[in-house]
Amino acid sequence: MTEERATGQAPEEIRSEADFLAEQNEQMRIRASKLAALREAGKDPFETVVYPVSHHAADVTGDFERLEGQPVCLAGRLMGKRGMGKASFGDLQDRTGRIQLFVKVDELGEEAYGEWLKLDLGDLVGVEGTAFRTNRGEISVRVGRYALLSKCLRPLPDKFHGLKDMDTRYRQRYLDLIVNPEVKETFYRRSAIIKTIREYLDGRGFIEVDTPMLAAIAGGATAKPFTTHHNALDLELYLRIAPELYLKRLIVGGFERVYELGRMFRNEGISIRHNPEFSMMEVYQAYTDYKGMMALSEGVLSTCAQAVLGTTHIVYQGVELDLTPPFARRTMREAVLEHSGVDFDQVADAAEARRIAADRGVEVPKDAAKGEVMNLFFEHFAESKLIQPTFIYDYPTEISPLTKKKPGRPDLTERFEIFISGREYGNAYSELNDPFDQRERFVAQVKKREAGDEEANEMDEDFLTALEYGLPPTGGLGIGIDRVVMLLTDSYSIRDVLLFPTMRPVRASEAERAPDENGGA
RNA sequence: GAGCCAUUAGCUCAGUCGGUAGAGCACUUGACUUUUAAUCAAGGGGUCCGGAGUUCGAGCCUCCGAUGGCUCACCA
């Protein structure tokens, strides 16, 4: 909050080329001196602005019958060099993959060939030549002319082992992308999944909307928010934890079918399944209920699998999963009964529920309601056993403050969550549209909040006002995009489906804190 | 937030009992006109994560710290 905070990097951190040449690393010095020589000869690669690319690596390899002997022009990163004296081979990597280059002194001339030999692995080059097949049968480009388009001044990670160090892979994702091809594939699939979801919903009359990420009230979910501050308004704001309450206002406004696909922020722990910022899809559809959302969930998930894998029979971490609709359906009570032997319909009240929890070694809060205990039993005994896609429905009212109650069962709500491979993928319900009931639920949440529950909802008067104007019966659904991407890319950790996962910054200099530890200078 | 493990050349990794630091790839130089982890020969390259301690001597033992990974807890 101080004025100095805006200060950027210190000027002495701006590095001249001479400083760069003085770097410790021998390989960097050599690369930098090659650049200096090129500049001196009037061939500065960084002056290049465009290159007339006509084909990509996969075009040439995939359409070779048609392209054999034809002129092609490609650009990319030089990833392999195999010199043979007066001829040499190289590997060019572009966004579609790799292709072999064949370079001969006869075709390039002495000077250009000599310069070719000085290229470094990682340099960005453009090549013009003809598509052909070598004696050993590899589809290649016979290079007639080439241009160095940008210089790579640092040595790349091992060409065979790639980059393995997880810290470096996440912090310097560009390196991971350059040398580990499967990483690119994951993010191509991520893009395809998001595109498929948009097409699926757009084709069914939904419109995509953007609601505030900066909000005065962090509502719509139970989670700890990040806080921030707006200077001009002198206002404390939260980064959103869910778009739900805004999207339902839009249903009140008459859009009838809306969705939002975007980033959420929750100030909680980091794990293999959790990142402080993550992506979620939320959908609201008027005149349907949670059953309608089950069909929509099945449609979205199976369509995504079909789009990126061509099948709904997938393998995640060695386990075969069948995403073909319809998914299994069971009530929470049934799942808990099956996996713990306890029938919560036979449990009289919260006190008895807490006694059973104590007997069974399930930790519950001292004042836990019966429904909360059942939910904890579900998480403790049942959740990890739900491998094939399963809708668990009839959630307790106490843990569902925005959900319509089940007719004839005020202790249960019309809500379900989707479980696959022992993990939650989505959450949906018949939206509570009774403003009186909603106010009571908010009041109950506020009480929990006052009792110290930082995750409980705040009162949202404007949302209640919107409900008083009339929210049609509406079904709502949220699906965690990152987890879907993990599922369909067989990724073990959420960090593997986020380009830049949240990391602790590396301390600039250890020396800065040394005096403290040495007890002063 | 707690526990366990890791950190050695640009990258991937060895490092014995505590005795002056090793390999492969990459790099440099030379040979080689169809190789593909090209090959062959020679060479250069180190803040052993940081700090303190024990010791005649520490990459290795002890303590403190940094960062990451995994597990657990909270959550999606």
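Residue numbers start from 1 in every chain, and the chains themselves are labelled A, B, ... in the order their sequence lines are given, proteins ahead of strands. Atom set for the values below is all heavy atoms of this structure, side chains included, hydrogens, waters and symmetry mates excluded.
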Within the 4.0 Å heavy-atom criterion, would you say Asp453(A) contacts the bases, only the backbone, or no part of the nucleic acid?
nothing
For U36(B), does either OP1 or OP2 sit under 4.0 Å from a side-chain N or O belonging to Arg136(A)?
yes
Under a 3.5 Å cutoff, is there a donor and acceptor pairing between the side chains of Glu417(A) and Tyr395(A)?
yes
Tell me what Asp167(A) touches on the nucleic acid: a base, only sugar-phosphate, or nothing, going by heavy atoms under 4.0 Å.
sugar-phosphate
Checking base pairs now: Watson-Crick or wobble, both atom distances under 3.5 Å. What partners G53(B)?
C61(B)
Could you please name the option among U36(B), C27(B), U33(B) that lies closest to any side-chain atom of Leu121(A)?
C27(B)
Taking A37(B), U33(B), C11(B) as options, the one with an atom nearest any side-chain atom of Leu163(A) is C11(B)
Nearest-angstrom distance from the residue atom CZ of Arg504(A) to C1' of G1(B):
11 Å
Would you kindly give the CD1-to-C1' distance between Ile241(A) and C74(B), to the nearest whole Å?
14 Å
Nearest of U36(B), C70(B), U34(B) to any side-chain atom of Ser493(A)?
C70(B)
Could you tell me whether the phosphate oxygens of U35(B), OP1 or OP2, come under 4.0 Å of any side-chain nitrogen or oxygen in Arg82(A)?
no
Looking at Lys34(A), I'd like to know whether one of its side-chain N or O atoms comes within less than 4.0 Å of OP1 or OP2 on U28(B).
yes
Euclidean distance, Glu208(A) CD relative to Phe206(A) CZ, rounded to 0.5 Å
12.5 Å
For Lys164(A), answer base if it contacts any base atom (sugar-phosphate contacts may also be present), sugar-phosphate if it contacts only those atoms, and nothing otherwise; contact means non-hydrogen atoms under 4.0 Å.
sugar-phosphate
Complement of U12(B), any strand, by Watson-Crick or G-U distances under 3.5 angstrom:
A23(B)
Ser491(A) side chain to Leu487(A) main-chain N or O, any donor-acceptor pair under 3.5 Å?
no
Near-ring test Phe327(A)/Phe416(A), centroid separation under 6.0 angstrom
no
Select base, sugar-phosphate, or nothing to describe what Phe419(A) touches, counting heavy atoms under 4.0 Å on all strands.
nothing
Test item: Lys404(A) side-chain N/O and Tyr429(A) main-chain N/O as donor-acceptor pair under 3.5 Å
no
Closest approach to the side chain of Arg495(A), judged atom by atom: which nucleotide of C70(B), U36(B), U33(B) is it?
C70(B)
Considering only side-chain heavy atoms of Pro157(A), which listed nucleotide, U33(B), U36(B), C11(B), is closest?
C11(B)
Nucleotide of C74(B), A76(B), U33(B) approaching Val105(A) most closely (side-chain heavy atoms)
U33(B)
Per Arg266(A) side chain, nearest of listed nucleotides G69(B), C13(B), A76(B):
A76(B)
Record whether the side chain of Glu138(A) comes under 3.5 Å of the base of U34(B) through a donor-acceptor pair of N or O atoms.
no
Atom CD of Gln27(A) and atom P of G46(B) are separated, to the nearest Å, by 12 Å
